[in-house]
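Below: the structure, in structure tokens.
Every value quoted in this text rests on a predicted model; they were computed, and no experiment measured them. What's counted below: heavy atoms across the whole structure, side chains too, no hydrogens, waters or symmetry copies. All chains are named by letter (A, B, ...) in the order of the sequence lines, taking the proteins before the strands, and each is independently numbered beginning at 1.
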Number of protein chains: 2
Amino acid sequence: MSNTNLKKLSEELGLSISSVSKALRDSYEISAATKKRVLAMAEKMNYQPNPFASSLRRKKSITIAVVIPEIANNFFALAIDGIQLVAQQKGYHVLTYLTHENFKNEESTIKHLQGGRVDGVLISLCRDTDDIQHLVSLHETGVPLVFFDRVPERMECPTVTTDDYESGFKATEHLIQAGCKKVACLSLSNYLSITHKRMKGYEDALKKHQIKVDPKLIIQCTNDNGTNLQLIKKLLSRKDRPDGIFATVEKLAISSYYVCNDIKLKIPEQIRIISFSNLRTASLLAPSLSTITQPAFEIGKESASLLFRMIEKKTFGNRIDKIVLKSSLVQRNSSK
Amino acid sequence: MSNTNLKKLSEELGLSISSVSKALRDSYEISAATKKRVLAMAEKMNYQPNPFASSLRRKKSITIAVVIPEIANNFFALAIDGIQLVAQQKGYHVLTYLTHENFKNEESTIKHLQGGRVDGVLISLCRDTDDIQHLVSLHETGVPLVFFDRVPERMECPTVTTDDYESGFKATEHLIQAGCKKVACLSLSNYLSITHKRMKGYEDALKKHQIKVDPKLIIQCTNDNGTNLQLIKKLLSRKDRPDGIFATVEKLAISSYYVCNDIKLKIPEQIRIISFSNLRTASLLAPSLSTITQPAFEIGKESASLLFRMIEKKTFGNRIDKIVLKSSLVQRNSSK
DNA sequence: AAAAACCTTGAAAACGTTTTCGTAATCCGG
DNA sequence: CCGGATTACGAAAACGTTTTCAAGGTTTTT
């Protein structure tokens, strides 16, 4: 086992434990010569400090937690990438938790994090999180907390998001300008602020172009792919089917493609599609998929940076940062 | 802060610290009535045990580490998903580390893990890992270690892999049977066991069909996408260009698609492509991509399960498990 | 030459648990 | 009612660090 500790090291060196500890932490109290000796011996004996003893004593874990709905998802994978980059630079460890879009999981995960296991938490809510008591409670214990992308609607807290309203507006307007008269909206959740904003953009774009918002064209999708396929198939099989689809998340666009293949609907001739997406193969699809692409990697980086500012107390007292990044609309053939 | 600890709890209850601790851990030494009182008070005071004190004392972290080259990668994202599933069931925490295909990162990460921070490690090597001294060293400190997919060639250790040789063979033979005479192989690394095996399958399939292995058709790609695009473009622009591509990893197939679009090579008419891939949109590409699909999620699950068997010492003394799962070849239009 | 300042080290407490061991108090059969 | 078993709890050590404080020794100042 990992056996060499300060005690053994100090015995080997003929020094006290405290001196060895101080030498290793490069304290001014220790002479250069001694430090050199200690470092050499530590190297030789392959000393690795016990992180738990250290964390216990210093009340710091050098660890952050990332809580996300899923990982097999291009957006979140990229966000994690950005988070890890910053964490690695700071020398922090990253604990990852998946809620699988399940509120109970999110709740229990957050509760566990109250024990001091981490110095800060990055979180993107799950699709049916409405009650945020668990997060308020975590916040009250003093753990720095940053939300990214899927942020709570009614909580004063630091967030990193994108211009969801504008993106929803632009995407919808783009479809209208391409010729769509009946644009459907595929939504992920009833609760999430991001879907509210994206849908508000969608509705306002319709209104701007004198198109009435038709509730039948707004589909609340579920967390089950099979069900979603059925919902979309039903939508697209109607006589008065839409001629455009605005998908608020990537997987719903993918499902739409499958349904169109299935029922032989031509994209974009019979139905135009645009979607929020971080798919790297968007331009290789048949047809290439028009996307609103969120800067997922940057979102991760910004969130982590913000969190570390809070951890290091570099952020002003009770200042609450709300960072908003811009998504980019990329027109491709699915909306021509 | 997370302030309530055993001491406060015990004072509030008029019990000793040890009794409270034992009550919370449901020890037989404590009466049912007392346990009930303690549980109630712990709930009321929102007690969360300090994980570091506990880990320090018990010499267990209830945490595993996952070390992978990258996360924005369908294979690894799915594998992590499987790992997390098992870890969550076991009540373990998961620390994730990205090496970004950089050996130095891998080395230092592994070194840090020797301090006892985790009870076990799951790792997929990075593309240029040749020297495995750091892993031998970790293993020697007694930390259970399971390799998945990208495993070391010369080390006696538990692994979870797929039938890479057979898959490489089948994929290549499939291209030959589709009519290819000159099949190129896009490889990721010189060192990895998986690429060796996949390439051996490739070579043996060629030999079986009396096709000479042409070193000029075997391209060692790099870790830089731009460079890879150039390498592939050069390969496909030659007069004696190949009529088939066997890509050993997904991103090289994607790059090939881009190059073919760029230089107007028709897939599959002028060049057929098959690739290892976990792309969920493989069937939606233009043309749909033939794939060898690894059971990434299952690989994650199996690796984690194996690791936990080792952690729980349920695995026989020095028995070394080598689990091999089957990949599936899915023919689509890119190799018609 | 004594006093003050500095440099280097060590002893010990503390972080919050877990666990071993000891010990009252109760119980039960003979 | 006595001896042994059982039940329910507490005291204290231990895990491996970090940090405060004291102290011995050397150098500098007066």
Base-contact (B) and sugar-phosphate-only (S) positions in nucleotides 7-14 of chain C, heavy-atom cut-off under 4.0 Å, - elsewhere: -BBBBBBB
A:Ala23 versus A:Leu39, closest heavy-atom pair with distance: O-CD2, 4.2 Å
From OG (A:Ser27) to CZ (A:Arg25), nearest 0.5 Å: 10.0 Å
Under 4.0 angstrom between B:Tyr47 side-chain N/O and C:dG16 OP1 or OP2: no
Distance below 4.0 Å between B:Ser54 side-chain N/O and C:dT18 OP1 or OP2: yes
No-hydrogen, no-angle side-chain donor-acceptor test under 3.5 Å, B:Ser16 and B:Ser19: yes
Pair A:Gln84, A:Asp81: side-chain N/O donor-acceptor within cut-off below 3.5 Å: no
Tell me: [atom1] of [X] to [atom2] of [N], nearest whole Å?
X: A:Phe52; N: D:dT18; atom1: CZ; atom2: P; result: 14 Å
X: B:Arg25; N: C:dG16; atom1: CZ; atom2: P; result: 17 Å
X: B:Lys8; N: C:dC15; atom1: NZ; atom2: P; result: 11 Å
X: B:Leu9; N: D:dG10; atom1: CG; atom2: C1'; result: 16 Å
X: B:Asp26; N: C:dT18; atom1: CG; atom2: C1'; result: 15 Å
X: A:Lys60; N: D:dT17; atom1: NZ; atom2: C1'; result: 16 Å
X: A:Asn50; N: C:dT17; atom1: CG; atom2: P; result: 17 Å
X: B:Lys7; N: D:dA12; atom1: NZ; atom2: C1'; result: 15 Å

Heavy-atom check, side chain of B:Pro158 versus side chain of B:Met310, under 4.5 Å: yes
Contacts of B:Tyr92 that satisfy ring-ring contact (aromatic ring centres under 6.0 Å, His included) - sequence neighbours left out: B:Phe308
All pairs passing salt bridge (charged side-chain N to carboxylate O under 4.0 Å, His left out) where residues 33-47 of chain A contributes a residue, at least two apart: A:Asp26-A:Lys35
Sugar-phosphate only, base, or nothing, as touched by B:Pro49 at under 4.0 Å among non-hydrogen atoms: sugar-phosphate
